[in-house]
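The shown structure was predicted, so the numbers you read here are calculated from the model rather than taken from an experiment.
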Amino acid sequence: MLSAFARAFQTPDLRKKLLFTLGIMVLFRLGSHVPVPGVDFEAVHACIKETKNNGLFGLVNLFSGGALLQLTIFALGIMPYITASIILQLLTVVIPRLEALKKEGQAGQAKITQYTRYLTIALAVLQGTGIVATASSGALFSGCMYANQIVPDTGVFRIAVMVLTMTAGTTVIMWLGELITDRGIGNGMSLLIFTSIAAQFPTSMWAIKQSGTIGGGWVEFLSVVAVGIIVVMLVIFVEQAQRRIPVQYAKRMIGRRAFGGTSTYIPLKVNQAGVIPVIFASSLLYIPALVVQLTSSQSSWAVWITKHFVRGDHPVYMATYFLLIVFFAFFYVAISFNPEEVADNMKKYGGFIPGIRAGRPTAEYLNYVLTRITWPGSLYLGLIALIPMIALVAFGQQTNFPFGGTSVLIVVGVGLETVKQIESQLQQRNYEGFLR
């Protein structure tokens with residue numbers, strides 16, 4: 001692999017793409033440390049050190065590389081774009097106009113991308129307003145004595161400038177991601193998420209070492225490293241696993257030439273839904289705790305939610321989280337893969353699965369196979385997502401445990417896709433790739 005990396009940097013055009021991608025990633029990390037105008041940065045750092053509890057805003061803080069709780073210009077990170085993409089993907093199923101655009105090919109996809117950008121800006125304004133309002137009220141760091149001093153000036157103009165700055169930061173991130181996609185290596189948005197998550201690994205690992213009590217913390221540190229290696233190997237194994245359904249295309253005579261007669265397959269991944277079910281489940285579980293925190297209610301239902309759904313070490317929270325992930329895994333697979341459409345396209349072009357009749361029997365067979373492989377995929381997602389919560393019970397460090405949940409799924413997934421793209425470009429130049 002090291003020799004493959006060396007050959008990648010020895011190729012002029014590939015080296016230029018790699019350096020351009022690394023430069024954008026460095027610029028992205030620099031912007032994650034520039035504070036928003038009107039924020040008392042010293043009060044922010046004091047509250048981060050004092051509370052060390054960002055579970056309520058942990059998902060957005062994860063995708064922003066820790067920039068959210070520091071209230072920087074990139075505080076919202078790529079989360080508005082992810083939300084907008086998911087919303088557009090869900091609306092494609094129910095809105096005929098969007099479904100027609102999706103079938104138009106590249107031109108329709110460009111139009112959907114433009115709609116995604118507009119929706120991203122709208123969501124950034126909403127999320128930025130919510131974050132600034134939360135920070136102004138002192139609810140961003142509950143329990144911190146400096147929480148009310150984070151935004152000294154709560155005037156309308158100052159708040160508007162802060163929201164505008166965060167929205168502009170999200171727009172810049174979206175532009176940087178598209179630059180990487182056009183002129184660099186890999187998918188730009190995915191690589192920026194990868195950068196945000198990977199940037200927190202060293203700090204999280206060192207925090208586990210410092211909070212450890214056995215052998216100066218080195219026993220806990222090495223244990224986490226060992227668990228991390230096992231988890232990464234498991235994730236790589238499952239992410240690469242797929243069920244290949246053979247497809248045979250009949251020969252067709254067009255004029256005097258015969259076309260078709262080829263054999264191929266439909267790859268159905270075990271984890272067909274990716275990381276989307278974990279994001280859905282995490283977002284849904286944040287809503288009750290967010291409502292309690294913003295309303296400051298002391299009623300019986302608020303006390304019950306605070307007891308069961310604020311910290312991730314409670315069995316009720318863990319069971320609900322696991323069941324939601326399994327549910328959303330089946331839900332997302334059902335809306336993203338349409339067996340009837342695949343069967344109709346196969347029938348239109350003369351394709352069939354050996355031993356299965358074309359048309360409705362093919363759709364029923366695809367649905368049967370997809371349901372069978374989604375069960376282990378959803379259970380795998382649920383178990384991976386529970387790792388940080390188990391670490392909270394074992395080490396008392398939920399937010400500092402890096403190898404689990406959304407983080408390891410995204411890091412491994414994006415890393416594999418980027419390596420495959422570099423490998424394909426190396427093989428085009430008659431070089432050996434990374435995966436032999």
(message) For the backbone of Ile121 and the side chain of Thr171, can you confirm whether one donor and one acceptor N or O come within less than 3.5 Å of each other?
(response) no

(message) If you define the side chain from C-beta out and look only at heavy atoms, does anything of Val369 sit under 4.5 Å from Arg243?
(response) yes

(message) Could you report the tightest heavy-atom contact between Leu27 and Phe74, atom names first, then the distance?
(response) O-CE1, 4.4 Å

(request) Please name the pair of heavy atoms, one in Thr181 and one in Asn187, separated by the smallest distance, quoted to 0.1 Å. (result) OG1-C, 3.9 Å

(message) Just so I know, are the side chains of Ile266 and Arg244 near enough to count as touching, which here means a heavy-atom distance under 4.5 Å?
(response) no

(message) Run the side chain to side chain contact (heavy atoms under 4.5 Å, CB included) test on Thr362 and Lys347 for me, step by step, so that the C-alpha distance in whole Å, both residues' side-chain angles and the decisive distance to 0.1 Å come before the verdict.
(response) CA-CA 9 Å; Thr362 299; Lys347 185 177 181 180; over 6 Å; no

(message) Can you tell me how far apart OG (Ser85) and CD1 (Ile276) are? Round to the nearest 0.5 Å.
(response) 8.5 Å

(request) Test side chain to side chain contact (heavy atoms under 4.5 Å, CB included) on Leu164 and Val161 and set out the steps. (result) CA-CA 5 Å; Leu164 183 61; Val161 169; 5.7 Å; no

(request) Might you confirm whether atom CZ of Arg15 has over 12 heavy atoms from other residues, nucleotides or ligands at distances under 6.0 Å? (result) yes

(message) To the closest 0.5 Å, what do you measure between OH (Tyr81) and CZ (Arg117)?
(response) 7.5 Å

(message) When you compare the side chain of Val414 with that of Ile193, does any pair of heavy atoms fall below 4.5 Å?
(response) no

(message) Salt bridge check, Glu178 against Arg183: does any charged N sit closer than 4.0 Å to a carboxylate O?
(response) no

(request) Kindly check if the number of other-residue, nucleotide or ligand heavy atoms within 6.0 Å of CD (Gln114) is above 12? (result) yes

(message) For Ile185, is there any backbone N or O sitting under 3.5 Å from a side-chain donor or acceptor partner on Thr21?
(response) yes

(message) On a heavy-atom basis, which atom in Met166 and which in Ala75 lie closest, and how many Å separate them?
(response) CE-CB, 4.1 Å

(message) Could you check whether Gln272 and Tyr332, counting side-chain N and O atoms only, form a donor-acceptor pair closer than 3.5 Å?
(response) no

(request) Among Phe330, Tyr321, Phe331, Phe328, find the residue that satisfies the ring pair (Phe, Tyr, Trp, His ring centres under 6.0 Å) test when tested with Phe280. (result) Phe328

(request) Please confirm whether the backbone N or O of Ala363 pairs with a side-chain atom of Asn367, one donor and one acceptor, at under 3.5 Å? (result) no

(message) Side chains of Thr92 and Glu99: any donor to acceptor distance under 3.5 Å?
(response) no

(request) Compare every heavy atom of Thr170 with every heavy atom of Pro80, then report the nearest pair and how far apart it is. (result) CG-CG2, 3.9 Å

(message) Looking at every non-hydrogen atom in both residues, tell me the closest pair between Leu381 and Pro277 and how far apart they are.
(response) CD1-CG, 3.9 Å

(message) Within the 4.5 Å heavy-atom criterion, are Glu364 and Arg360 side-chain neighbours or not?
(response) yes

(request) Can you measure from CG (Asn271) to OG1 (Thr374) and round to the nearest 0.5 angstrom? (result) 9.5 Å

(request) State, with a plain yes or no, whether a side-chain heavy atom of Leu76 is found less than 4.5 Å away from one of Ile173. (result) no

(message) We want to know whether Glu239 and Tyr380 form a side-chain donor-acceptor pair, criterion being a heavy-atom distance below 3.5 angstrom.
(response) yes

(message) Side chains of Phe337 and Val342, heavy atoms from C-beta outward: is any pair under 4.5 Å?
(response) yes

(message) Just so I know, are the side chains of Val172 and Leu176 near enough to count as touching, which here means a heavy-atom distance under 4.5 Å?
(response) yes

(request) List the steps, then state whether side chain to side chain contact (heavy atoms under 4.5 Å, CB included) holds for Leu88 with Thr113. (result) CA-CA 9 Å; Leu88 262 297; Thr113 302; over 6 Å; no

(request) Give, for atom NZ of Lys111 and atom CG of Leu98, the distance between the pair rounded to the nearest 0.5 Å. (result) 11.5 Å

(message) Working to the nearest 0.5 angstrom, can you tell me the gap between Thr83 OG1 and Ile78 CD1?
(response) 10.0 Å

(message) Can you tell me how far apart CD1 (Ile335) and CG (Leu90) are? Round to the nearest 0.5 Å.
(response) 4.0 Å

(message) If you compare all heavy atoms of Leu324 against all heavy atoms of Ala281, which two are closest, and at what distance to 0.1 Å?
(response) CB-CB, 3.8 Å

(request) Side-chain contact test, heavy atoms from C-beta onward, threshold under 4.5 Å: evaluate it for Val408 versus Ile197 and give yes or no. (result) no

(request) Take Met174 and Met189 through the test side chain to side chain contact (heavy atoms under 4.5 Å, CB included) and record every step on the way to the result. (result) CA-CA 7 Å; Met174 186 167 54; Met189 301 301 176; 3.6 Å; yes

